[in-house]
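Okay, so here's the structure we're looking at.
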Amino acid sequence: MIKTITSIIFLCLLAVIFVKTSYLFRRVDENRRHVLGIQEELTEDDVVYIGGSAAFVYWQPLTAWNNYGITSYVMGTNTIPADNLLIYLKEIKKYQNPKLFIIDARPFQYYGKMDKGESAIGFRNGCDSLSYGKLRNDLITSYILNSKELVFPINSLYLDIIYYHENKQAVGNPDNWKYINNKVSRQTYHGYEIHTEYMPIEKESFKTDKSSALDPTAEKLLNEILDYGDSENINLLFVVVPYAEKKEARESFNTIGSIVKHRGYDFLNANEYTKEMKIDYTSDFYNINHVNTFGAEKYTNYLSEYISKKYLLPDHRSDQKYSIWNNDYDIFHNAVEESKKQILTLKNNYTENKK
């Protein structure tokens, strides 16, 4: 009996050491911060925004707070495949019960069109940020079943230490040790990442009501999210952010919008409202797919107005319970103003060089 108990204790200790070592060796980046930061939100968020860089580069929670009193968080990871979105929803529900989930629609549009290696890394950006447990296992199993060709061996998906074991420098990196419990400190910007870059872009001029077929797996994954919305009785808003949208992409988004609306949920393609946002394609972007600080502020203000009215979101600015958001905003505001100055300098330099 004593030997049995001793063996169980030893195996438990071994398991703990294995898990902690796995967390230590994982990458430390914005993807992991965004996934884990939801656990550290001190107040109940009105909105959680889920997606890829089209989420955490575009949505500024503290602009929404300062101008509308909306509390929000961005759980976004780079190059996110549509496979990850439902699991993110479920992960958020463990810690928060937001009045609205905003979901980036672009992963459904580009599903099956990306380089397999890039898509696989995008999957790992989220998978390898989650803690070991049922949700992570469910995500991996679903991804394996949906994938026509796996880039990584299956064992390195379930046991990510196999993938990261050569990250020896993690042992000497204080930042890695902060993640040994797979937790992070509270995120002052609530998941947003400031981008101080600049590039003028051109927008195609077109109108189309035509719809094109989605990848069958993408459509299946979209309907699984809508099914989850039905079962949990939650509000879902699917969005397409302003960017250099092509006609072929709009046709895919028309299909996504039709499916979403048919199921009784909301869909918004912000590319149809760039004039209302006063988006400037010569100033507000840093590449054809992403806005800089100027563009993010305009998008956030437009979307905040839209959701505050449509979903009757409360204004918390006079509530002392949320006073820490004012402190966060002061830090954020200073950083954003500095970012804007640098972008204007980049724009002026670009203009001078073009002469």
Side-chain angles (χ1 to χ4, degrees), residues 31 34 49-58 75-89 102-128 139-152 157 199 201-226 236-263 265 267-272 274 281 285-291:
N31 300 298
H34 296 167
Y49 199 132
I50 306 170
S53 54
F56 65 79
V57 170
Y58 278 78
M75 185 185 280
T77 52
N78 278 300
T79 323
I80 186 174
D83 306 78
N84 292 36
L85 294 168
L86 178 58
I87 295 300
Y88 286 13
L89 273 171
I102 301 176
I103 300 178
D104 172 16
R106 274 163 59 166
F108 300 103
Q109 184 270 326
Y110 61 63
Y111 197 93
K113 300 175 184 177
M114 290 181 59
D115 173 81
K116 288 183 175 61
E118 187 178 8
S119 179
I121 289 294
F123 168 75
R124 296 206 79 129
N125 284 337
C127 170
D128 296 351
L139 172 58
I140 295 168
T141 301
S142 174
Y143 176 75
I144 291 169
L145 293 174
N146 290 330
S147 297
K148 297 179 178 66
E149 180 183 346
L150 290 175
V151 172
F152 299 107
L157 296 176
M199 186 179 81
I201 69 170
E202 293 185 5
K203 179 189 178 185
E204 285 190 16
S205 179
F206 64 85
K207 289 185 178 180
T208 180
D209 294 324
K210 183 180 177 182
S211 297
S212 59
L214 290 181
D215 179 281
T217 302
E219 186 168 347
K220 177 177 77 77
L221 291 167
L222 175 58
N223 277 296
E224 286 176 358
I225 291 175
L226 298 170
L236 302 173
L237 165 62
F238 292 78
V239 296
V240 184
V241 296
Y243 75 110
E245 184 187 35
K246 302 291 185 183
K247 184 172 180 288
E248 295 78 10
R250 174 68 65 86
E251 292 172 0
S252 296
F253 290 132
N254 288 342
T255 301
I256 294 168
S258 178
I259 294 170
V260 168
K261 291 175 181 177
H262 179 73
R263 293 289 300 270
Y265 294 96
F267 177 85
L268 176 72
N269 188 336
N271 290 284
E272 298 179 31
T274 52
Y281 288 86
F285 290 79
Y286 73 85
N287 63 27
I288 60 173
N289 290 316
H290 300 94
V291 288

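Scope of the values below: all heavy atoms of this structure, side chains included, with no hydrogens, waters or symmetry mates. Everything numeric in this text was worked out from a predicted model, so none of it was measured.
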Give a yes or no on this: more than 12 heavy atoms of other residues, nucleotides or ligands lie within 6.0 Å of atom [atom1] of [X].
X	atom1	answer
Asp115	CG	yes
Lys116	NZ	no
Lys210	NZ	no

Quick check: closest heavy atoms across [X] and [Y], and the distance to 0.1 Å?
X	Y	value
Thr77	Tyr88	OG1-OH, 2.7 Å
Cys127	Ile140	SG-CG1, 3.6 Å
Ala54	Asp104	CB-OD2, 3.6 Å
Ile288	Met199	N-CE, 3.8 Å
Phe108	Leu221	CE2-C, 4.1 Å
Val241	Asn271	O-ND2, 2.9 Å

(request) Tell me yes or no: between the side chains of Asn84 and Tyr143, is some donor less than 3.5 Å from an acceptor? (result)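 Judged by distance alone, the side chains do not pair up.
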Side-chain heavy-atom pair [X], [Y] within 4.5 angstrom cut-off:
X	Y	value
Ile259	Phe267	no
Val239	Tyr49	yes
Arg106	Phe253	yes
Asn125	Ile80	no
Phe152	Phe123	no

Mind checking the [atom1]-[atom2] spacing from [X] to [Y]? Nearest 0.5 Å is all I need.
X	Y	atom1	atom2	result
Ser119	Met114	OG	CE	5.5 Å
Leu214	Lys220	CG	NZ	13.5 Å
Asn254	Ser212	CG	OG	8.0 Å
Leu86	Leu139	CG	CG	9.0 Å
Tyr110	Asn289	OH	CG	9.5 Å
Ile87	Glu224	CD1	CD	9.5 Å

(request) Check the pair Asp128 / Asn31 against side-chain contact (heavy atoms from CB on, under 4.5 Å), numbers first and verdict last. (result) CA-CA 9 Å; Asp128 296 351; Asn31 300 298; over 6 Å; no
(request) Return the set of residues passing side-chain contact (heavy atoms from CB on, under 4.5 Å) with Thr274 (not counting sequence neighbours), or none when no residue passes. (result)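 Per chain and number, Thr274 pairs via side-chain contact (heavy atoms from CB on, under 4.5 Å) with Lys203, Pro242, Ile279, Tyr281.
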(request) Enumerate the residue pairs fulfilling side-chain hydrogen bond (donor to acceptor under 3.5 Å, both in side chains) with a member in residues 242-251, sequence neighbours excluded, ordered by first and then second residue. (result)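 For residues 242-251: Glu204-Lys246, Glu245-Arg250, Glu245-Asn269, Lys247-Glu251.
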(message) Between Asn223 and Arg263, does the side chain to side chain donor-acceptor pair (under 3.5 Å) criterion hold? Intermediate values first, please.
(response) CA-CA 9 Å; Asn223 277 296; Arg263 293 289 300 270; 3.0 Å; yes
